[in-house]
Amino acid sequence: MFKNHEVTLRAIAKDLKKVESQALVIGVGQGTDGPVLLDNPLPVKAANALAASLQVLGITGAADEVRRLPGVPEVGAQVLVLTGVGRLTGNQTSEEALRRAAGSAVRQLAGVESVAVALPTTTVGQAAAVAEGAALGAYTYSGLRTAEAAVKAKVGSVTIFTPAADDPALAPALKRAAIVAKAVNATRSLVNEPPSHLYPETFAEAAKDLAKGLPVKVTVLDEKRLERDGYGGILGVGQGSSRPPRMVKVEYAPTRAKVKLALVGKGITFDSGGISLKPAGSMMTMKCDMAGAAAVLNALLAVAELGLPVRLTAWLCLAENMPSATATRPSDVLTMFGGKTVEVLNTDAEGRLVMADGLAAASAELPDAILDVATLTGAQMVALGKRVSAVMGDDGVSAAVKAAADRAGELFWPMPLPEELRPTLDSPVADLANIGEKMGGMMTAAVFLNEFVGENKDGSKIPWAHLDIAGPAFNEGSAFGYTPKQATGVAVRTLVSYVEDVLVRTA
Ligand code: BES
Ligand code: MN
Ligand code: ZN
């Protein structure tokens with residue numbers, strides 16, 4: 001059911017005749033005086049002729065403009081493909097610009113089996129970015145459509161044409177690109193899966209399936225176990241659904257681990273709002289409300305496959321938020337993992353309830369840091385739009401997440417945890433209420449989560465950051481760059497980069 005997509009990636013340095021791919025991709029930028037053909041390995045005459053005809057061909061070099069032309073002699077590929085990299089005023093050889101240009105081309109070449117990409121790359125980092133973009137762009141979700149024609153076959157193999165192919169560091173970099181792209185694509189597929197098929201129990205099964213063959217332990221806590229251990233947040237959110245909730249604990253614990261990190265993911269397989277029912281229009285994308293759990297699961301699996309020396313535990317907080325006679329009512333009080341009580345004033349603020357349990361349970365194991373990922377608030381989109389995620393929490397961890405995101409090519413922006421928001425969550429009947437100040441509601445939610453991050457033995461707070469990906473997790477618009485419609489797989493790349501960065505700092 002939850003099929004995974006893998007693309008074969010390889011690199012060659014010279015001899016275009018040896019390009020056995022059906023299509024060869026090269027770049028075009030938007031210069032001040034029109035389109036500019038970027039550095040490419042075509043024979044000089046062919047390159048000059050092509051450069052001179054760009055304008056008449058109507059090619060502008062804009063991002064996401066992908067055009068196919070007949071091949072030229074001395075090139076193995078049958079077809080040339082020009083991919084736009086956008087305005088040449090920015091840095092078009094930045095790793096993210098290359099990732100997007102390669103991704104857009106490969107995405108739009110769905111149906112072609114093999115593609116070679118010859119974008120301008122000199123470093124291993126740039127070549128790996130092209131490979132990663134291509135593998136991300138090769139994603140397709142076939143879903144449950146029965147008409148075969150509706151789904152074009154994805155690109156199956158990508159050859160990167162780069163002078164860096166001779167560098168011994170390229171092979172591991174390509175391997176990393178393939179592993180990371182596989183993790184992002186697996187995240188997309190879980191999120192795209194309809195809630196009729198993906199609910200807490202089947203999500204837990206999928207986690208076990210995806211972990212097969214890796215040195216990873218998957219423990220599924222069912223509703224009886226959740227009851228016994230006091231996971232009141234997950235149980236409270238899940239009790240309105242005919243599909244019972246689950247907590248899935250995924251552990252990667254190599255013997256030579258240097259640090260111990262925890263990830264917590266929001267896994268609401270469908271968010272109807274519960275008794276505080278959402279309007280129909282707001283429910284349409286709510287299968288994406290488990291994107292945080294999918295991201296932390298697949299980031300952990302990527303870290304395990306990369307064999308990084310870190311002890312990593314992911315907590316997937318899985319529940320379906322439905323209205324029914326058994327659902328939590330506004331004004332009910334829940335006792336969360338660890339004993340804190342919460343008055344539920346709005347059942348649609350359910351993410352923070354399941355995450356509270358996850359953060360408290362993760363804290364009990366005293367990790368060196370905790371990152372949580374959640375499609376937590378509509379306010380996230382009001383603050384930062386649909387393509388920029390937010391990071392909040394302790395300054396050091398937030399800054400490290402921002403730096404990791406920058407390196408990975410994902411857009412994250414730090415936001416504060418204003419102290420004055422805490423009293424807005426006060427409740428007359430419980431330790432705190434699940435809603436508070438509406439203005440800046442993304443920060444209010446983060447301030448709520450902060451209450452459930454535990455302490456070290458010496459009384460200091462466990463370093464923590466919260467990633468709100470509500471907007472960027474799901475693309476309701478058209479595909480762009482390497483990003484498809486619907487699920488985007490956001491945060492996986494940032495999490496993997498974060499773990500790598502922590503290891504570099506502790507080395
Ligand atoms: N899952 C939603 C947040 C969301 C909205 C994610 C849109 C992605 C796109 C969350 O559970 C929610 O409903 N939050 C409420 C909180 C409010 C009741 C305080 C919201 O944002 O309206
Ligand atoms: Mn909700
Ligand atoms: Zn939600």
Side-chain angles (χ1 to χ4, degrees), residues 191-192 195 198-200 203 233-234 236-238 240-241 245 264-295 316-323 327-332 334 342-358 372-390 392 415 421 424-425 427 432-449 466-477 486-491:
V191 175
N192 283 331
L198 189 87
Y199 43 94
F203 193 144
I234 296 180
V237 173
S241 170
V264 181
K266 173 176 174 181
I268 302 298
T269 56
F270 184 71
D271 182 10
S272 71
I275 298 292
S276 313
L277 196 64
K278 285 180 185 295
S282 310
M283 248 183 247
M284 242 145 34
T285 60
M286 281 304 120
K287 70 173 180 182
C288 86
D289 216 19
M290 34 58 71
L316 319 182
C317 310
L318 310 179
E320 187 181 47
N321 189 22
M322 294 292 275
T328 292
R329 291 157 289 256
S331 75
D332 279 358
L334 304 175
V342 174
E343 183 185 17
V344 180
L345 291 174
N346 189 320
T347 64
D348 197 14
E350 85 298 339
R352 60 197 78 182
L353 300 174
V354 302
M355 295 299 278
D357 276 352
D372 83 67
V373 187
T375 47
L376 203 64
T377 63
Q380 189 279 322
M381 280 178 274
V382 179
L384 292 170
K386 290 183 168 181
R387 294 196 188 175
V388 182
S389 302
M392 287 151 281
M415 297 292 276
L421 292 177
T424 74
L425 291 162
S427 158
L432 65 170
N434 79 329
I435 52 169
E437 172 60 47
K438 284 198 180 68
M439 295 296 164
M442 170 176 66
M443 298 180 296
T444 310
V447 166
F448 179 95
L449 295 185
H466 159 60
L467 284 60
D468 194 336
I469 58 168
F474 202 76
N475 176 21
E476 289 180 73
Q486 298 231 345
T488 64
V490 74

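Just so you know, ligand 1 is whichever comes first in the structure, and atom 1 is the first atom listed for that ligand.
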Could you tally the protein N/O/S atoms lying less than 2.8 Å away from the Zn ion (ligand 3)?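 Every protein N, O or S atom under 2.8 Å from the Zn ion (ligand 3) counted, the figure is 4.
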
In the structure I gave you, are the side-chain heavy atoms of [X] and [Y] within less than 4.5 Å of one another anywhere?
X: Gln380; Y: Met415; result: no
X: Cys317; Y: Asp357; result: no
X: Pro472; Y: Val388; result: no
X: Asp289; Y: Glu350; result: yes
X: Arg352; Y: Thr377; result: yes
X: Met442; Y: Leu376; result: no

Minimum non-hydrogen distance to [atom], winning option of [options]:
atom: atom 3 (C) of ligand 1; options: Leu376, Val237, Val354, Thr285; value: Leu376
atom: atom 7 (C) of ligand 1; options: Lys438, Lys386, Met381; value: Met381
atom: atom 21 (O) of ligand 1; options: Ala445, Gly378, Ala473; value: Gly378

Can you list the atoms of ligand 1 that are under 4.0 Å from a heavy atom of [X]?
X: Thr377; value: 3 (C), 21 (O)
X: Ile435; value: 19 (C)
X: Glu350; value: 11 (O)
X: Met286; value: 1 (N), 4 (C), 5 (C), 6 (C), 7 (C), 8 (C), 9 (C)

Taking non-hydrogen atoms only, is Asp348 closer than 4.0 angstrom to ligand 1 via side chain, backbone, both or neither?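 It is both parts that get close, each with some atom under 4.0 Å.
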
Select one of side chain, backbone, both or neither to describe which atoms of Arg352 lie under 4.0 Å from any atom of ligand 1, heavy atoms only.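 Side chain only; the backbone of Arg352 stays clear of ligand 1.
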
For the pair [X] (side chain) and [Y] (backbone), establish whether a donor and an acceptor sit closer than 3.5 Å, ignoring hydrogens and angles.
X: Lys287; Y: Asn192; value: yes
X: Asn434; Y: Leu345; value: yes
X: Glu320; Y: Gly240; value: no
X: Thr375; Y: Ala291; value: no
X: Asp468; Y: Ala390; value: no

Near Met283 CE, under 6.0 Å, is it more than 12 heavy atoms from other residues, nucleotides or ligands?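 Yes, the 6.0 Å shell around CE holds more than 12 heavy atoms from other groups.
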
Under 3.5 Å: N/O of [X] near N/O of ligand 1:
X: Asp289; value: yes
X: Lys266; value: yes
X: Asp271; value: yes

Any donor-acceptor pair under 3.5 Å linking the side-chain atoms of Glu437 with those of Thr424?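 Note: Thr424 and Glu437 side chains miss the donor-acceptor criterion.
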
Does a donor on one side chain sit under 3.5 Å from an acceptor on the other, for Thr347 and Asn321?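 On atom types as modelled, these side chains do not qualify, holding no pair under 3.5 Å.
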
Under 2.8 Å from the Mn ion (ligand 2), which protein atoms of type N, O or S occur, listed by chain and number?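 Sorted hits: Asp271 OD2, Asp348 O, Asp348 OD1, Glu350 OE1.
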
What's the shortest distance from atom 18 (C) of ligand 1 to any protein heavy atom, and which residue and atom give it?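 Ranked first by proximity to atom 18 (C) of ligand 1 is Asn346 ND2, 3.5 Å.
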
With Arg387 via salt bridge (charged side-chain N to carboxylate O under 4.0 Å, His left out) - residues at least two apart: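 Arg387: no salt bridge (charged side-chain N to carboxylate O under 4.0 Å, His left out) contacts found.
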
Return the set of residues passing salt bridge (charged side-chain N to carboxylate O under 4.0 Å, His left out) with Asp372 (not counting sequence neighbours), or none when no residue passes.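 Listed in chain order: nothing, the list is empty.
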
